[in-house]
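These notes are about the structure you will find just below.
Values below: all heavy atoms of this structure, side chains included; hydrogens, waters and symmetry mates excluded. Computed from a predicted model, the values in this text were never measured in an experiment. In this chain, residues are counted from 1 in sequence order.
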Amino acid sequence: MSKKVAVVTLGCPKNQVDSEIMSGLLAQDYIFIDNPEEADIIVVNTCTFIQSAKEESIETIFEMSRFKESGTCQTLIATGCLAQQYGQELMQDIPELDGVLGTGNIDEINKLVQASEGTRTTLIKEGIPEFLHNELMPRKRSTPDYFALVKVAEGCDNYCTYCIIPYVRGHFRSRPEESVIREVKEMAAQGVKEIMVMAQDTTRYGQDLTGELRLPQLIHELARIEGIEWIRLMYCYPERFTDELIETMRQEPKVCRYIDLPLQHADNKILKEMNRRGTIEEAEILIGKLREAMPEITIRTTMITGFPGESEQEFLNMVDFVKRVQFDRLGVFTYSQEDNTPAGLRSDQVPLEVREQRRDQIMQIQQEISRVRQQRWVGRVTRVMLEQKQPDGRWMGRTEGDAPEIDGQVYIKGTHTSLQVGDLIKVRILEADSYDLIGEVVT
């Protein structure tokens with residue numbers, strides 16, 4: 001009888017794609033289940049982006065290791081970014097761990113599991129990871145039937161001074177357009193209506209293959225696929241966000257009026273020390289262009305507080321920028337001192353309590369901005385993707401301005417028995433707070 005395997009995923013949607021590929025591969029040789037407590041083999045796909053992500057990954061490995069005593073687990077594997085970065089240390093410090101797999105070896109997950117069942121095994125390629133998935137690899141999607149993640153490239157060449165990703169994911173490498181298109185056609189045939197297009201640096205897509213930024217051309221092709229209704233762009237760096245891409249978004253009705261534009265700071269000196277390209281003035285011009293081309297667009301960004309050497313004035317420049325630009329959505333990370341990064345080696349680290357106080361200040365300002373920005377939805381009729389029927393019979397969904405599991409929800413008044421999960425329906429928005437909307441079905 002085949003053994004049962006469960007995969008536990010931590011970190012970003014890009015990591016989730018890796019888990020789906022490993023799950024597809026494992027399902028060829030094992031019985032795939034969702035509950036790790038009942039699994040013979042548990043794979044934990046880890047994250048190492050910031051300190052809290054590392055801690056969560058290690059805690060999860062320990063949590064899963066308990067199933068060796070209380071459950072049926074015989075083999076425990078760690079994969080992903082933390083495994084790539086600290087594979088040997090994990091094997092040394094966690095005796096319950098039977099195997100470690102690097103990010104460049106995802107396609108060898110079955111080989112590692114089989115080897116680890118006999119002896120503790122580490123499988124991490126020397127040098128830079130080079131794995132790149134294609135549409136022919138088996139994939140077991142963990143997202144709802146109507147929604148899928150589409151990773152168009154792997155790795156990163158930006159080398160931001162605070163970030164470990166280029167070292168654990170390798171150089172930026174785009175998938176061929178034909179591979180992405182074939183994958184999305186297959187998804188559409190399976191009933192997928194919304195795709196989240198992403199990479200570590202999505203706007204760079206295609207540059208390594210052709211010397212050109214090919215995201216606009218790819219979007220045009222994806223928009224032609226029958227069945228796909230929403231195309232959502234994530235992780236778009238501002239310095240490569242061209243006028244052609246703006247025009248593509250404006251022209252294509254299937255492209256969500258939503259953009260994730262990680263800026264990370266709003267002071268040019270700090271941006272330069274972060275090794276971020278472009279200036280904050282250029283970013284502000286880009287935001288103006290986006291809003292001019294698509295007045296209804298929802299713009300999300302992220303900021304980092306307490307980068308080494310960040311003075312009170314440099315922080316206040318961020319505060320002024322956030323107040324002036326009025327983002328619809330904004331997430332804030334406190335700076336995380338990462339091993340073997342240029343910023344991590346600096347001696348002028350900002351005390352943790354200052355980083356956290358600055359984060360809280362920005363989030364407090366943003367909460368009020370979001371509350372005011374959300375009011376523009378009130379009175380509008382908009383399309384909503386239905387996601388969940390609540391126990392009382394009411395429905396919950398998302399507008400195109402809300403990314404799954406990241407942004408807010410729409411709560412729909414009244415009970416509607418004819419509706420189904422994944423339906424795109426028209427809803428009139430009646431109320432709004434800082435995060436969520438309340439509306440009614442328009443018949």
Side-chain angles (χ1 to χ4, degrees), residues 9 12-13 16 34 141-149 191-198 227-234 253-261 291 294-302 322 326-332 360 362-443:
T9 306
C12 66
Q16 194 174 336
D34 292 323
R141 284 197 292 111
S142 54
T143 50
D145 292 344
Y146 56 86
F147 170 71
L149 304 167
V192 169
K193 295 178 182 177
E194 177 183 5
I195 56 170
M196 184 187 282
V197 175
M198 59 187 181
I228 299 299
E229 299 280 351
W230 281 359
I231 299 170
R232 187 177 300 281
L233 300 180
M234 301 293 289
K254 289 186 179 183
V255 177
C256 292
R257 299 305 187 244
Y258 176 100
I259 201 70
D260 175 70
L261 199 70
R291 285 176 169 163
M294 295 162 283
E296 70 279 28
I297 195 169
T298 296
I299 300 179
R300 158 175 278 283
T301 196
T302 48
V322 167
Q326 304 273 304
F327 291 100
D328 301 278
R329 316 264 191 266
L330 187 146
V332 185
D360 294 346
I362 293 280
M363 286 309 297
Q364 198 172 356
I365 291 164
Q366 181 59 36
Q367 189 168 1
E368 179 57 21
I369 291 170
S370 292
R371 190 190 65 77
V372 173
R373 294 285 298 171
Q374 285 275 89
Q375 299 309 309
R376 69 200 172 106
W377 288 94
V378 176
R380 279 170 53 182
V381 173
T382 186
R383 289 203 303 168
V384 168
M385 180 81 75
L386 294 181
E387 292 198 299
Q388 190 180 20
K389 191 175 186 179
Q390 297 176 291
D392 62 4
R394 290 186 297 171
W395 281 91
M396 198 167 73
R398 288 180 293 108
T399 70
E400 63 181 307
D402 297 297
E405 298 183 14
I406 296 172
D407 300 313
Q409 301 280 349
V410 182
Y411 295 90
I412 298 165
K413 288 187 169 185
T415 55
H416 303 273
T417 52
S418 61
L419 299 178
Q420 292 185 327
V421 169
D423 283 353
L424 263 173
I425 64 166
K426 286 184 178 178
V427 172
R428 180 178 286 105
I429 304 302
L430 304 172
E431 300 172 48
D433 62 22
S434 297
Y435 303 103
D436 301 318
L437 304 169
I438 296 173
E440 61 183 7
V441 175
V442 174
T443 50

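Judged by distance alone, the side chain of Gln388 and the main-chain N or O of Met396 form no donor-acceptor pair under 3.5 Å. Remark: side-chain polar atoms of Trp395 are paired, donor with acceptor, to backbone N or O of His416 under 3.5 angstrom. With hydrogens and angles ignored, the 3.5 Å screen pairs no side-chain donor or acceptor of Arg380 with any backbone N or O of Trp377. Between the Gln16 side chain and the Cys12 main chain, no donor and acceptor come within less than 3.5 Å of each other.
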Under 3.5 Å, sequence neighbours excluded: what are the donor-acceptor pairs made by side chains of residues 433-441?
from: Asp433; atom 1: OD1; to: Tyr435; atom 2: N; distance (Å): 2.8
from: Asp433; atom 1: OD1; to: Asp436; atom 2: N; distance (Å): 2.6
from: Ser434; atom 1: OG; to: Gln367; atom 2: O; distance (Å): 3.1
from: Asp436; atom 1: OD1; to: Gln409; atom 2: N; distance (Å): 2.8

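The shortest distance between side-chain heavy atoms of Met234 and Pro13 does not fall below 4.5 Å. Residues Phe147 and Met196 are in side-chain contact: their nearest non-hydrogen atoms beyond the backbone lie under 4.5 Å apart. Contact of the Ile412 side chain with the Leu386 side chain is registered, since non-hydrogen atoms from C-beta on lie closer than 4.5 Å. Contact annotation: the side chain of Val384 never approaches that of Lys426 to less than 4.5 Å [non-hydrogen atoms, C-beta and beyond]. When side chains are defined from C-beta on, Thr399 does not count as touching Arg383, because their heavy atoms never get closer than 4.5 Å. Side-chain atoms of Ile259 and Ile297, non-hydrogen and from C-beta on, do get closer than 4.5 Å to each other. Residues Ile425 and Leu419 are in side-chain contact: their nearest non-hydrogen atoms beyond the backbone lie under 4.5 Å apart. When side chains are defined from C-beta on, Val442 does not count as touching Val427, because their heavy atoms never get closer than 4.5 Å.
Side chains of Ser370 and Gln366: a donor on one and an acceptor on the other come within 3.5 Å. Remark: the Gln390 side chain and the Tyr411 side chain contain no N/O donor-acceptor pair separated by less than 3.5 Å.
For the pair Lys413 and Glu431, the salt-bridge criterion is met [side-chain N within less than 4.0 Å of a carboxylate O].
Residue Lys389 places its NZ atom among more than 12 non-hydrogen atoms of other residues, nucleotides or ligands, all under 6.0 Å distant. Within 6.0 Å of CZ on Arg394 lie no more than 12 heavy atoms contributed by other residues, nucleotides or ligands.
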| message | Assess the residue pair Arg141 and Leu149 against the criterion (side-chain contact (heavy atoms from CB on, under 4.5 Å)); give the C-alpha distance rounded to whole Å, side-chain angles, the decisive distance to 0.1 Å, and a yes or no. | response | CA-CA 9 Å; Arg141 284 197 292 111; Leu149 304 167; over 6 Å; no
| Residues Asp145, Val192; criterion side-chain contact (heavy atoms from CB on, under 4.5 Å); working and verdict | CA-CA 6 Å; Asp145 292 344; Val192 169; over 6 Å; no
| task | Test side-chain contact (heavy atoms from CB on, under 4.5 Å) on Asp328 and Arg376 and set out the steps. | result | CA-CA 11 Å; Asp328 301 278; Arg376 69 200 172 106; 2.7 Å; yes
| field | Val378/Leu430 under side-chain contact (heavy atoms from CB on, under 4.5 Å): CA gap, chis, key distance, verdict | value | CA-CA 5 Å; Val378 176; Leu430 304 172; over 6 Å; no
| Steps toward side chain to side chain donor-acceptor pair (under 3.5 Å) verdict (Tyr258, Asp407) | CA-CA 11 Å; Tyr258 176 100; Asp407 300 313; 2.7 Å; yes
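Atom CZ of residue Arg329 and atom OG1 of residue Thr301 lie 13.0 Å apart, to the nearest 0.5 angstrom. Taking CD of Glu296 as the start and CZ of Arg291 as the end, the distance is 12.0 Å to the nearest 0.5 Å. The CG atom of Asp402 lies 7.0 Å from the CZ atom of Arg232; values are rounded to the nearest 0.5 Å. Atom CG of Leu330 sits about 6.5 Å away from atom CE of Met363, to the nearest 0.5 Å. The distance from atom CZ of Arg398 to atom SG of Cys256, rounded to the nearest 0.5 Å, is 8.0 Å. Taking CD from Glu194 and OG1 from Thr143, the interatomic distance works out to 10.0 Å, rounded to the nearest 0.5 Å.
Under the rule for a ring-ring contact (aromatic ring centres under 6.0 Å, His included), the partners of Phe327 that lie at least two apart in sequence or sit in another chain are Phe321. The side chain to side chain contact (heavy atoms under 4.5 Å, CB included) check on Lys193 picks up Glu229, Met385, Asp423, with sequence neighbours excluded.
Nearest heavy atom pair, residue Ile369 against residue Val322, reads CD1-O, 3.5 Å.
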